[in-house]
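Heads up, the thing below is written out as C-alpha coordinates.
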Amino acid sequence: MSRPTARVAQLRLRDLMLLDLIDTHRSLRRVAEELHLTQPAVTQALQGLEQAFGVRLVERERRGVRLAPAGRAALTHLRAAGREVKAALALAAAPQRVQLRLGCSPMSALKAVPLALARLRAAMPDVQVLLCELSVPDLWSQLHEGRLDAIVSRTHAPDAGLASHEGLRIEWVDSETLVLVASRKHPLARRRPKAEQLQAHRWVLPPRGSLARRMIDDWFTQAQQPLPEVCIESTSFVTNLRLAASCGLLTLAPQSVVASEGQALGLAVVPAPWDERRGDIVLATRASREDDPLIQALREAFAYQAARPAPAPAQTPRKAPREAALMAR
(Lines give C-alpha, C1' and ligand atoms only; values in the text may rest on other atoms or scores of the structure.)
Protein backbone atom coordinates (compact mmCIF):
# COMPACT_ATOMS: atom_id res chain seq x y z
CA MET A 1 0.00 0.00 0.00
CA SER A 2 1.14 3.56 -0.68
CA ARG A 3 1.66 6.06 2.12
CA PRO A 4 -1.33 8.23 3.18
CA THR A 5 -1.77 11.25 0.93
CA ALA A 6 -4.08 14.21 0.52
CA ARG A 7 -6.77 11.58 -0.19
CA VAL A 8 -7.60 11.78 3.54
CA ALA A 9 -9.01 15.27 3.05
CA GLN A 10 -11.36 13.93 0.38
CA LEU A 11 -13.02 11.31 2.59
CA ARG A 12 -16.73 11.61 3.18
CA LEU A 13 -18.73 10.58 6.23
CA ARG A 14 -20.08 7.61 4.23
CA ASP A 15 -16.50 6.43 3.70
CA LEU A 16 -15.85 6.49 7.43
CA MET A 17 -18.96 4.35 8.02
CA LEU A 18 -17.68 1.58 5.76
CA LEU A 19 -15.57 -0.25 8.32
CA ASP A 20 -18.38 -0.25 10.87
CA LEU A 21 -20.82 -1.68 8.32
CA ILE A 22 -18.29 -4.25 7.11
CA ASP A 23 -17.65 -5.35 10.69
CA THR A 24 -21.42 -5.74 11.19
CA HIS A 25 -22.40 -7.48 7.94
CA ARG A 26 -19.13 -9.17 6.81
CA SER A 27 -20.44 -8.78 3.24
CA LEU A 28 -19.89 -6.00 0.69
CA ARG A 29 -23.24 -6.86 -0.92
CA ARG A 30 -25.06 -6.30 2.39
CA VAL A 31 -23.15 -3.06 2.95
CA ALA A 32 -24.14 -1.87 -0.53
CA GLU A 33 -27.80 -2.62 0.20
CA GLU A 34 -27.72 -0.63 3.44
CA LEU A 35 -26.04 2.35 1.78
CA HIS A 36 -28.31 2.10 -1.31
CA LEU A 37 -25.28 1.77 -3.57
CA THR A 38 -24.03 -0.78 -6.05
CA GLN A 39 -21.45 -3.28 -4.87
CA PRO A 40 -18.79 -1.90 -7.30
CA ALA A 41 -19.36 1.56 -5.78
CA VAL A 42 -18.75 0.17 -2.29
CA THR A 43 -15.63 -1.62 -3.49
CA GLN A 44 -14.35 1.62 -5.01
CA ALA A 45 -15.08 3.53 -1.79
CA LEU A 46 -13.22 0.89 0.23
CA GLN A 47 -10.22 1.09 -2.10
CA GLY A 48 -10.17 4.86 -1.66
CA LEU A 49 -10.33 4.46 2.12
CA GLU A 50 -7.39 2.05 2.08
CA GLN A 51 -5.41 4.41 -0.13
CA ALA A 52 -6.08 7.24 2.31
CA PHE A 53 -4.93 5.17 5.29
CA GLY A 54 -2.02 3.64 3.40
CA VAL A 55 -2.69 0.13 4.74
CA ARG A 56 -4.98 -2.80 3.96
CA LEU A 57 -8.08 -2.46 6.16
CA VAL A 58 -10.19 -5.40 4.94
CA GLU A 59 -9.39 -9.02 4.15
CA ARG A 60 -11.44 -11.18 1.80
CA GLU A 61 -12.71 -14.58 2.95
CA ARG A 62 -14.37 -17.42 1.07
CA ARG A 63 -17.82 -16.17 2.04
CA GLY A 64 -17.38 -12.48 2.53
CA VAL A 65 -14.94 -10.02 4.10
CA ARG A 66 -13.60 -9.19 7.53
CA LEU A 67 -11.57 -6.39 9.04
CA ALA A 68 -7.81 -6.75 8.91
CA PRO A 69 -5.88 -5.95 12.13
CA ALA A 70 -5.29 -2.39 10.89
CA GLY A 71 -8.98 -1.99 10.11
CA ARG A 72 -10.03 -3.20 13.54
CA ALA A 73 -7.54 -0.85 15.18
CA ALA A 74 -8.91 2.09 13.17
CA LEU A 75 -12.56 1.15 13.73
CA THR A 76 -12.70 2.30 17.36
CA HIS A 77 -11.61 5.81 16.45
CA LEU A 78 -13.83 5.94 13.38
CA ARG A 79 -16.85 5.00 15.46
CA ALA A 80 -15.97 7.75 17.92
CA ALA A 81 -15.57 10.21 15.03
CA GLY A 82 -18.99 9.24 13.67
CA ARG A 83 -20.64 9.85 17.02
CA GLU A 84 -18.84 13.18 17.34
CA VAL A 85 -20.26 14.22 13.95
CA LYS A 86 -23.78 13.29 15.10
CA ALA A 87 -23.27 15.25 18.32
CA ALA A 88 -22.05 18.24 16.31
CA LEU A 89 -25.17 18.10 14.11
CA ALA A 90 -27.42 17.96 17.17
CA LEU A 91 -25.60 20.90 18.77
CA ALA A 92 -25.78 22.95 15.57
CA ALA A 93 -29.55 22.35 15.45
CA ALA A 94 -29.94 23.56 19.05
CA PRO A 95 -26.81 25.59 19.95
CA GLN A 96 -28.30 26.77 23.23
CA ARG A 97 -28.56 23.17 24.49
CA VAL A 98 -25.16 21.99 25.68
CA GLN A 99 -25.13 18.27 26.51
CA LEU A 100 -22.56 16.24 28.42
CA ARG A 101 -22.55 12.43 28.35
CA LEU A 102 -20.76 11.53 31.57
CA GLY A 103 -20.14 8.00 32.80
CA CYS A 104 -19.22 7.14 36.36
CA SER A 105 -18.53 4.12 38.51
CA PRO A 106 -20.69 3.40 41.59
CA MET A 107 -17.82 4.49 43.84
CA SER A 108 -17.23 7.84 42.13
CA ALA A 109 -20.98 8.54 42.01
CA LEU A 110 -21.07 8.85 45.78
CA LYS A 111 -18.80 11.83 46.32
CA ALA A 112 -16.54 12.99 43.49
CA VAL A 113 -19.21 13.31 40.78
CA PRO A 114 -21.97 15.14 42.71
CA LEU A 115 -19.57 17.77 44.04
CA ALA A 116 -17.94 18.38 40.66
CA LEU A 117 -21.27 18.57 38.81
CA ALA A 118 -22.51 21.17 41.28
CA ARG A 119 -19.51 23.32 40.39
CA LEU A 120 -19.94 22.63 36.66
CA ARG A 121 -23.57 23.74 36.74
CA ALA A 122 -22.61 26.88 38.62
CA ALA A 123 -20.22 27.71 35.76
CA MET A 124 -22.56 26.50 32.96
CA PRO A 125 -26.20 26.64 34.19
CA ASP A 126 -27.62 25.53 30.83
CA VAL A 127 -25.62 22.32 30.53
CA GLN A 128 -27.67 19.13 30.30
CA VAL A 129 -25.87 16.19 31.87
CA LEU A 130 -26.72 12.62 30.88
CA LEU A 131 -25.22 10.67 33.79
CA CYS A 132 -24.68 6.97 33.25
CA GLU A 133 -23.50 4.66 36.07
CA LEU A 134 -21.68 1.60 34.68
CA SER A 135 -19.08 -0.98 35.59
CA VAL A 136 -15.42 0.02 35.20
CA PRO A 137 -14.79 -2.07 32.01
CA ASP A 138 -17.95 -0.71 30.35
CA LEU A 139 -16.97 2.87 31.18
CA TRP A 140 -13.59 2.62 29.48
CA SER A 141 -15.02 0.79 26.46
CA GLN A 142 -17.76 3.36 25.90
CA LEU A 143 -15.32 6.25 26.27
CA HIS A 144 -13.07 4.73 23.58
CA GLU A 145 -16.10 4.13 21.34
CA GLY A 146 -17.28 7.73 21.67
CA ARG A 147 -20.53 6.82 23.44
CA LEU A 148 -19.44 8.90 26.43
CA ASP A 149 -17.74 12.32 26.49
CA ALA A 150 -15.96 11.67 29.79
CA ILE A 151 -15.82 9.13 32.58
CA VAL A 152 -14.99 9.20 36.29
CA SER A 153 -13.72 5.79 37.32
CA ARG A 154 -11.08 3.58 38.79
CA THR A 155 -8.43 2.71 36.25
CA HIS A 156 -9.13 -0.67 34.68
CA ALA A 157 -6.97 -3.71 35.37
CA PRO A 158 -4.18 -4.39 32.83
CA ASP A 159 -5.64 -7.84 32.10
CA ALA A 160 -9.16 -6.58 31.48
CA GLY A 161 -8.81 -6.94 27.71
CA LEU A 162 -9.60 -3.28 27.08
CA ALA A 163 -7.96 -0.78 24.82
CA SER A 164 -4.97 1.14 26.14
CA HIS A 165 -5.15 4.73 27.35
CA GLU A 166 -3.81 5.95 24.01
CA GLY A 167 -5.71 9.01 22.82
CA LEU A 168 -7.09 9.77 26.27
CA ARG A 169 -6.34 12.47 28.82
CA ILE A 170 -6.40 11.11 32.37
CA GLU A 171 -6.34 13.22 35.54
CA TRP A 172 -6.49 12.18 39.20
CA VAL A 173 -9.53 13.53 41.05
CA ASP A 174 -9.89 11.48 44.22
CA SER A 175 -8.88 8.33 46.04
CA GLU A 176 -10.94 5.90 48.09
CA THR A 177 -10.53 2.82 50.25
CA LEU A 178 -12.96 -0.08 50.43
CA VAL A 179 -13.46 -1.17 54.04
CA LEU A 180 -15.15 -4.20 55.61
CA VAL A 181 -18.43 -3.21 57.29
CA ALA A 182 -21.03 -4.89 59.50
CA SER A 183 -23.73 -3.98 61.98
CA ARG A 184 -22.38 -3.22 65.45
CA LYS A 185 -24.47 -6.18 66.61
CA HIS A 186 -22.78 -8.55 64.15
CA PRO A 187 -20.70 -11.33 65.80
CA LEU A 188 -17.57 -10.17 63.94
CA ALA A 189 -18.00 -6.44 64.54
CA ARG A 190 -15.61 -6.20 67.49
CA ARG A 191 -12.82 -8.59 66.53
CA ARG A 192 -10.28 -9.12 63.78
CA PRO A 193 -11.84 -12.10 61.97
CA LYS A 194 -9.94 -14.83 60.18
CA ALA A 195 -10.71 -16.09 56.68
CA GLU A 196 -12.79 -19.05 57.83
CA GLN A 197 -14.91 -16.79 60.05
CA LEU A 198 -15.61 -14.38 57.22
CA GLN A 199 -16.42 -17.27 54.89
CA ALA A 200 -19.00 -18.63 57.33
CA HIS A 201 -21.14 -15.47 57.21
CA ARG A 202 -23.37 -14.11 54.46
CA TRP A 203 -22.63 -11.02 52.41
CA VAL A 204 -24.26 -8.29 50.34
CA LEU A 205 -21.95 -7.21 47.51
CA PRO A 206 -21.94 -5.65 44.04
CA PRO A 207 -22.26 -8.09 41.10
CA ARG A 208 -19.37 -10.11 39.69
CA GLY A 209 -16.93 -8.06 37.66
CA SER A 210 -17.09 -5.11 40.05
CA LEU A 211 -14.05 -3.96 41.97
CA ALA A 212 -15.47 -4.93 45.38
CA ARG A 213 -16.54 -8.39 44.21
CA ARG A 214 -13.22 -9.05 42.49
CA MET A 215 -11.36 -7.96 45.61
CA ILE A 216 -13.32 -10.36 47.84
CA ASP A 217 -13.08 -13.28 45.40
CA ASP A 218 -9.32 -12.81 44.97
CA TRP A 219 -8.70 -12.59 48.71
CA PHE A 220 -10.65 -15.74 49.58
CA THR A 221 -8.96 -17.59 46.73
CA GLN A 222 -5.53 -16.54 47.99
CA ALA A 223 -6.55 -17.55 51.52
CA GLN A 224 -7.49 -20.99 50.09
CA GLN A 225 -11.06 -20.62 51.30
CA PRO A 226 -14.34 -21.20 49.43
CA LEU A 227 -16.02 -18.01 48.29
CA PRO A 228 -18.54 -16.72 50.85
CA GLU A 229 -22.27 -16.82 50.22
CA VAL A 230 -23.47 -13.60 48.62
CA CYS A 231 -27.18 -13.67 49.35
CA ILE A 232 -27.90 -10.19 47.96
CA GLU A 233 -26.28 -8.46 44.97
CA SER A 234 -26.68 -4.71 44.59
CA THR A 235 -24.72 -2.09 42.64
CA SER A 236 -25.46 0.64 45.19
CA PHE A 237 -23.01 1.01 48.06
CA VAL A 238 -25.55 3.04 50.04
CA THR A 239 -28.17 0.32 49.61
CA ASN A 240 -25.62 -2.31 50.62
CA LEU A 241 -24.86 -0.45 53.83
CA ARG A 242 -28.54 -0.32 54.72
CA LEU A 243 -28.92 -4.01 53.96
CA ALA A 244 -25.87 -4.82 56.07
CA ALA A 245 -27.44 -2.91 58.95
CA SER A 246 -30.94 -4.40 58.66
CA CYS A 247 -30.11 -7.97 57.56
CA GLY A 248 -26.98 -8.68 59.59
CA LEU A 249 -24.77 -9.06 56.49
CA LEU A 250 -21.14 -8.28 55.78
CA THR A 251 -20.24 -5.89 52.98
CA LEU A 252 -17.53 -3.69 51.49
CA ALA A 253 -18.07 0.04 51.11
CA PRO A 254 -16.04 3.19 50.45
CA GLN A 255 -14.52 4.56 53.62
CA SER A 256 -15.91 8.07 53.05
CA VAL A 257 -19.49 6.76 52.79
CA VAL A 258 -19.14 4.70 55.95
CA ALA A 259 -17.79 7.79 57.72
CA SER A 260 -20.91 9.79 56.77
CA GLU A 261 -23.59 7.07 56.97
CA GLY A 262 -22.27 4.44 59.35
CA GLN A 263 -23.04 6.14 62.66
CA ALA A 264 -26.73 6.68 61.88
CA LEU A 265 -27.12 3.13 60.55
CA GLY A 266 -25.40 1.51 63.52
CA LEU A 267 -22.51 0.14 61.46
CA ALA A 268 -18.92 -0.62 62.39
CA VAL A 269 -15.75 -0.91 60.35
CA VAL A 270 -14.46 -4.44 60.93
CA PRO A 271 -10.64 -4.79 61.00
CA ALA A 272 -9.97 -6.61 57.73
CA PRO A 273 -7.41 -9.45 57.52
CA TRP A 274 -6.18 -8.07 54.18
CA ASP A 275 -4.14 -4.96 53.45
CA GLU A 276 -6.43 -2.02 52.73
CA ARG A 277 -5.23 0.00 49.76
CA ARG A 278 -6.46 3.35 48.59
CA GLY A 279 -7.49 3.30 44.94
CA ASP A 280 -7.26 6.26 42.59
CA ILE A 281 -10.35 7.68 40.90
CA VAL A 282 -9.61 9.51 37.65
CA LEU A 283 -11.35 11.74 35.14
CA ALA A 284 -10.74 10.49 31.60
CA THR A 285 -11.59 12.39 28.42
CA ARG A 286 -10.58 11.93 24.79
CA ALA A 287 -7.59 14.03 23.79
CA SER A 288 -9.45 15.10 20.64
CA ARG A 289 -11.89 17.05 22.85
CA GLU A 290 -9.19 18.91 24.78
CA ASP A 291 -10.13 22.32 23.34
CA ASP A 292 -13.88 21.83 23.87
CA PRO A 293 -15.10 24.52 26.35
CA LEU A 294 -17.46 22.00 27.96
CA ILE A 295 -14.68 19.48 28.59
CA GLN A 296 -12.43 22.27 29.88
CA ALA A 297 -15.15 23.37 32.34
CA LEU A 298 -15.62 19.76 33.46
CA ARG A 299 -11.90 19.33 34.07
CA GLU A 300 -11.80 22.57 36.06
CA ALA A 301 -14.73 21.39 38.20
CA PHE A 302 -12.95 18.16 39.06
CA ALA A 303 -9.60 19.92 39.52
CA TYR A 304 -11.23 22.15 42.14
CA GLN A 305 -12.69 19.09 43.85
CA ALA A 306 -9.33 17.28 43.78
CA ALA A 307 -7.74 20.20 45.64
CA ARG A 308 -10.16 19.90 48.57
CA PRO A 309 -8.88 18.15 51.72
CA ALA A 310 -9.67 14.44 52.07
CA PRO A 311 -12.19 13.41 54.78
CA ALA A 312 -11.01 11.92 58.03
CA PRO A 313 -10.85 8.09 57.87
CA ALA A 314 -13.66 6.07 59.39
CA GLN A 315 -12.85 4.64 62.79
CA THR A 316 -13.80 1.35 64.33
CA PRO A 317 -15.95 2.02 67.44
CA ARG A 318 -13.98 1.91 70.66
CA LYS A 319 -14.40 -1.10 72.88
CA ALA A 320 -15.58 -0.78 76.46
CA PRO A 321 -12.69 -1.20 78.97
CA ARG A 322 -13.96 -4.52 80.27
CA GLU A 323 -14.52 -5.89 76.75
CA ALA A 324 -11.07 -4.72 75.63
CA ALA A 325 -9.50 -6.47 78.59
CA LEU A 326 -11.33 -9.71 77.82
CA MET A 327 -10.24 -9.65 74.15
CA ALA A 328 -6.64 -8.97 75.17
CA ARG A 329 -6.47 -12.25 77.09
* Any chance you could lay out the salt bridge (Lys or Arg N to Asp or Glu O under 4.0 Å) test for Glu145 and Arg147, step after step, and finish with the verdict? => CA-CA 6 Å; Glu145 293 170 3; Arg147 298 179 186 274; 2.9 Å; yes

Has [X] got a side-chain atom pairing as donor or acceptor with [Y]'s backbone, closer than 3.5 angstrom?
X      : Y      : value
Thr251 : Val204 : yes
Ser108 : Cys104 : no
Gln222 : Trp219 : no

Is there a side-chain contact between [X] and [Y], using heavy atoms and a 4.5 Å cut-off?
X      : Y      : answer
Arg169 : Arg286 : no
Cys132 : Leu102 : no
Arg202 : Ile232 : no
Leu180 : Leu252 : yes
His25  : Val65  : no
Arg242 : Leu265 : yes

* Asked: Above 12 or not: heavy atoms from other molecules or residues under 6.0 Å from CD of Gln263?
  -> no

* **Atom CD of Glu196: over 12 foreign heavy atoms under 6.0 Å** => yes

* To do: Assess whether side chain to side chain contact (heavy atoms under 4.5 Å, CB included) is satisfied between Thr155 and Asp280, documenting all intermediate values.
  => CA-CA 7 Å; Thr155 54; Asp280 290 338; 5.8 Å; no

* Asked: About how many Å separate CG of Leu67 and CG of Asp23, when rounded to the nearest 0.5 Å?
  -> 4.5 Å

* Run the side-chain hydrogen bond (donor to acceptor under 3.5 Å, both in side chains) check on Asp138 and Ser141 step by step: do they pass? -> CA-CA 5 Å; Asp138 287 343; Ser141 293; 5.4 Å; no

* Asked: With the 4.5 Å side-chain cut-off for hydrophobic clustering, are Phe53 and Leu28 part of the same group?
  -> yes

* To do: Say whether Val179 and Leu243 are linked into one hydrophobic cluster, either directly or through other cluster members, by side-chain heavy-atom distances under 4.5 angstrom.
  => no

* Are the charged groups of Arg119 and Glu300 less than 4.0 angstrom apart, N to O? -> no

* **SB check Arg121 Asp126 (cutoff 4.0 Å)** => no

* To do: Check the side chains of Ser256 and Glu176 for a donor-acceptor pair under 3.5 angstrom, ignoring hydrogens and angles.
  => yes

* Evaluate the ring planes of His201 and His186, with Trp represented by its six-membered ring, and classify them as parallel (under 30°), tilted (30 to 60°) or perpendicular (over 60°). => tilted

* Structure fact -> Taking every heavy atom of Leu168 against every heavy atom of Trp140, the minimum-distance pair comes out as CD1-CZ3, 3.7 Å

* What are the two closest heavy atoms between Glu59 and Ala68, and how far apart are they? -> CG-CB, 3.6 Å

* Applying side chain to side chain contact (heavy atoms under 4.5 Å, CB included), run through Gln296 and Arg289 and close with a yes or a no. => CA-CA 9 Å; Gln296 290 177 347; Arg289 297 282 299 275; over 6 Å; no

* Asked: When you look at Gln128 and Gln99, which way does the side-chain hydrogen bond (donor to acceptor under 3.5 Å, both in side chains) test go after all the steps?
  -> CA-CA 5 Å; Gln128 180 188 36; Gln99 188 177 88; 2.9 Å; yes

* **Candidate pair Leu46 and Val58, rule side chain to side chain contact (heavy atoms under 4.5 Å, CB included), full reasoning** => CA-CA 8 Å; Leu46 176 59; Val58 174; 3.7 Å; yes

